[in-house]
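Along the sequence shown, residues carry numbers from 1.
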Amino acid sequence: MQTDISYLLYWEDDTIPISGSMTFGNHLDNDIVVPGEDVADFHARVDLSERGPVVIPLGDATISVNGQEHASPLQLIIGDTVGIGQEMLQVGIEVETRDPDAAQSWVLRGDDDSRFEIRGELSIGRAANADISIAKEHISRHHARLIEHDQMIWIQDLNSANGTRLNNTPVIGGARMFHGDYIYFDKVRYQLIGQGGALTPVQHFVDPLRGTRNQPPPKQLDTTEFSAVEEPLLAPAEIPALDETGAFLIGVSESVDGEVLRLGIGESLLGRGDHCHITIADATVSQEHAKISVRPEGVRVTNLMSTNGTKVNGADVTSAELVDGDVLRVGRVSLVFKDIPAARVEEHPVLKHLSAWLLAAVVGVAALLAITLIF
């Protein structure tokens, strides 16, 4: 179970649920008709994504968000006011179902292990009076803000000079954040950590050159690497049944055969180095070979300039989404990616037996009714 929310647009006395893709404009063929001489026939489109709604001006039209004009797509967050012509619509949410194991509170953790509890709204920037003050010349005075509402978190860039990135994706407007996400203000990085509930522990990304306060950098790295011999892609052997849900890598090469490696939420380093989250002791694997990011919207592998490259299903990749059953190769080592969602009810052994019992019971009752009707 997860906390499910609906995004809404409040317009005068109306409440408009946002679903899929919706158009707004003066023409009657729009999903939402917005009157006004300054409103185009098809003025804007709103698409719903995992991180929140995105408003897209159509043609030569412009829209305003929080009083600023925009002619290009912008991601919206709770509380934003969207102007289409003279009409103003405000973004809100409605909680449909709440996960009892969801985070009860949130902290932002820096690479230097600094921590900031997020309650209400936090300002971020170079200004001395910012709630999170970052004294770096490339940080804008008023760079971004974090919003906590109903135990959920949103980030919004405030037109900063050098931008805000969420898991290395530029934040254009704002976006909802999830447990384990990384947020970058120029080159300064923090990680969002949920507290309370039954959350999967996040991976703390380690810079091998700096280490962390609790983990100094390794004294010596073995940099000896060998070129991988070109071999045919290993067909996955019989994959062991997994009782847990989540993302996993399962070894199918000789050196890792049968190993089950769980991928935590956030970023995981894969390589030969001892400091990596996933360590593979093979001479064709680089010290830091690849990075795997586990996010609510999916799992992605990124090659880290490794000597022998990274392949997915036999094709060289710089960065690629992983889906259940993909074969990931690093050097000469092959691993199968498995993604087992919590909603896979039909495969749960207890529920399978329960379903079979219920089916037998239904058949039995039907047989008794048939006999009763005959006699």
Side-chain angles (χ1 to χ4, degrees), residues 2 49-51 165-169 175-182 191-192 199-206 228 230-273 276-280 282 284-344 347:
Q2 62 180 2
S49 73
E50 182 79 26
R51 301 284 180 173
R165 289 174 291 132
L166 179 58
N167 304 326
N168 271 330
T169 299
R176 185 180 173 188
M177 293 185 68
F178 296 96
H179 174 62
D181 278 345
Y182 282 95
Q191 187 176 30
L192 181 68
L199 298 171
T200 303
V202 297
Q203 301 281 16
H204 192 5
F205 192 88
V206 176
E230 198 58 41
E231 302 172 2
L233 184 69
L234 284 177
E238 184 177 350
I239 303 300
L242 300 175
D243 295 331
E244 299 180 77
T245 61
F248 302 86
L249 290 175
I250 301 176
V252 293
S253 292
E254 182 177 344
S255 59
V256 293
D257 188 29
E259 288 190 31
V260 177
L261 307 168
R262 185 181 183 93
L263 298 172
I265 294 174
E267 296 179 351
S268 298
L269 271 178
L270 183 153
R272 200 170 77 255
C276 292
H277 303 109
I278 303 169
T279 302
I280 300 178
D282 187 280
T284 63
V285 176
S286 298
Q287 285 288 328
E288 292 185 7
H289 199 106
K291 177 182 69 177
I292 300 178
S293 301
V294 179
R295 306 293 176 199
E297 58 266 33
V299 180
R300 175 170 289 273
V301 61
T302 302
N303 183 56
L304 297 178
M305 302 300 291
S306 59
T307 299
N308 290 304
T310 300
K311 296 184 178 183
V312 175
N313 299 327
D316 287 305
V317 298
T318 301
S319 182
E321 294 286 342
L322 291 176
V323 298
D324 186 67
D326 279 349
V327 180
L328 173 67
R329 172 172 283 184
V330 289
R332 62 187 172 197
V333 176
S334 294
L335 308 107
V336 174
F337 172 69
K338 294 297 294 180
D339 186 10
I340 305 176
R344 194 175 291 180
E347 295 187 7

Please name the pair of heavy atoms, one in [X] and one in [Y], separated by the smallest distance, quoted to 0.1 Å.
{"X": "Val252", "Y": "Leu335", "result": "CG2-N, 4.2 Å"}
{"X": "Val299", "Y": "Ala247", "result": "CG2-CB, 4.4 Å"}
{"X": "Leu166", "Y": "Arg176", "result": "CD2-O, 4.0 Å"}
{"X": "His289", "Y": "Gly309", "result": "NE2-O, 2.7 Å"}
{"X": "Val312", "Y": "Ala320", "result": "CG2-CB, 4.4 Å"}
{"X": "Thr284", "Y": "Asn308", "result": "O-ND2, 2.8 Å"}

Output yes when a side-chain donor or acceptor of [X] lies under 3.5 Å from a complementary backbone atom of [Y], and no otherwise.
{"X": "Asn313", "Y": "Asp326", "result": "no"}
{"X": "Arg295", "Y": "Gly180", "result": "yes"}
{"X": "Thr279", "Y": "Gly273", "result": "yes"}
{"X": "His277", "Y": "Leu269", "result": "yes"}
{"X": "Ser286", "Y": "Thr307", "result": "yes"}

Original post:
Taking C-beta and beyond as the side chain, do Leu270 and Leu249 meet within less than 4.5 Å on heavy atoms?
Top reply: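 Contact flag for Leu270/Leu249 side chains = yes.
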[atom1] of [X] to [atom2] of [Y]: how many Å apart, nearest 0.5 Å?
{"X": "Glu288", "Y": "Leu304", "atom1": "CD", "atom2": "CG", "result": "6.5 Å"}
{"X": "Asn167", "Y": "Asp181", "atom1": "CG", "atom2": "CG", "result": "4.5 Å"}
{"X": "Leu192", "Y": "Met177", "atom1": "CG", "atom2": "CE", "result": "4.5 Å"}
{"X": "Ile340", "Y": "Asp324", "atom1": "CD1", "atom2": "CG", "result": "7.5 Å"}
{"X": "Glu267", "Y": "Gln191", "atom1": "CD", "atom2": "CD", "result": "8.0 Å"}
{"X": "Tyr182", "Y": "Thr169", "atom1": "OH", "atom2": "OG1", "result": "15.0 Å"}

**OP:** Mind checking side-chain hydrogen bond (donor to acceptor under 3.5 Å, both in side chains) for Glu259 and listing every partner two or more places apart, or none if nothing turns up?
**Re:** none
Subject >> Val285 vs Val333, side-chain contact (heavy atoms from CB on, under 4.5 Å): CA-CA, chis, key distance, verdict >> reply: CA-CA 8 Å; Val285 176; Val333 176; 4.1 Å; yes
Original post:
Any chance the side chains of Arg300 and Ser319 put a donor and an acceptor closer than 3.5 Å?
Top reply: yes
**OP:** Take Thr318 and Thr302 through the test side-chain contact (heavy atoms from CB on, under 4.5 Å) and record every step on the way to the result.
**Re:** CA-CA 6 Å; Thr318 301; Thr302 302; 5.5 Å; no
**OP:** Begin with the C-alpha distance, continue with both residues' side-chain angles, and end with the deciding distance and a verdict on side-chain contact (heavy atoms from CB on, under 4.5 Å) for Phe337 and Ile292.
**Re:** CA-CA 11 Å; Phe337 172 69; Ile292 300 178; over 6 Å; no
**OP:** Start with the C-alpha gap between Glu297 and Arg51, add the side-chain angles, then the distance that decides, and say whether salt bridge (Lys or Arg N to Asp or Glu O under 4.0 Å) holds.
**Re:** CA-CA 9 Å; Glu297 58 266 33; Arg51 301 284 180 173; 3.1 Å; yes
Original post:
Passes side-chain contact (heavy atoms from CB on, under 4.5 Å), Thr310 versus Val301? Steps please.
Top reply: CA-CA 9 Å; Thr310 300; Val301 61; 4.2 Å; yes
**OP:** Can you sort out the partners of Asp282 under salt bridge (Lys or Arg N to Asp or Glu O under 4.0 Å), two or more places apart, ordered by chain and number?
**Re:**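 Result, salt bridge (Lys or Arg N to Asp or Glu O under 4.0 Å) vs Asp282: Arg332.
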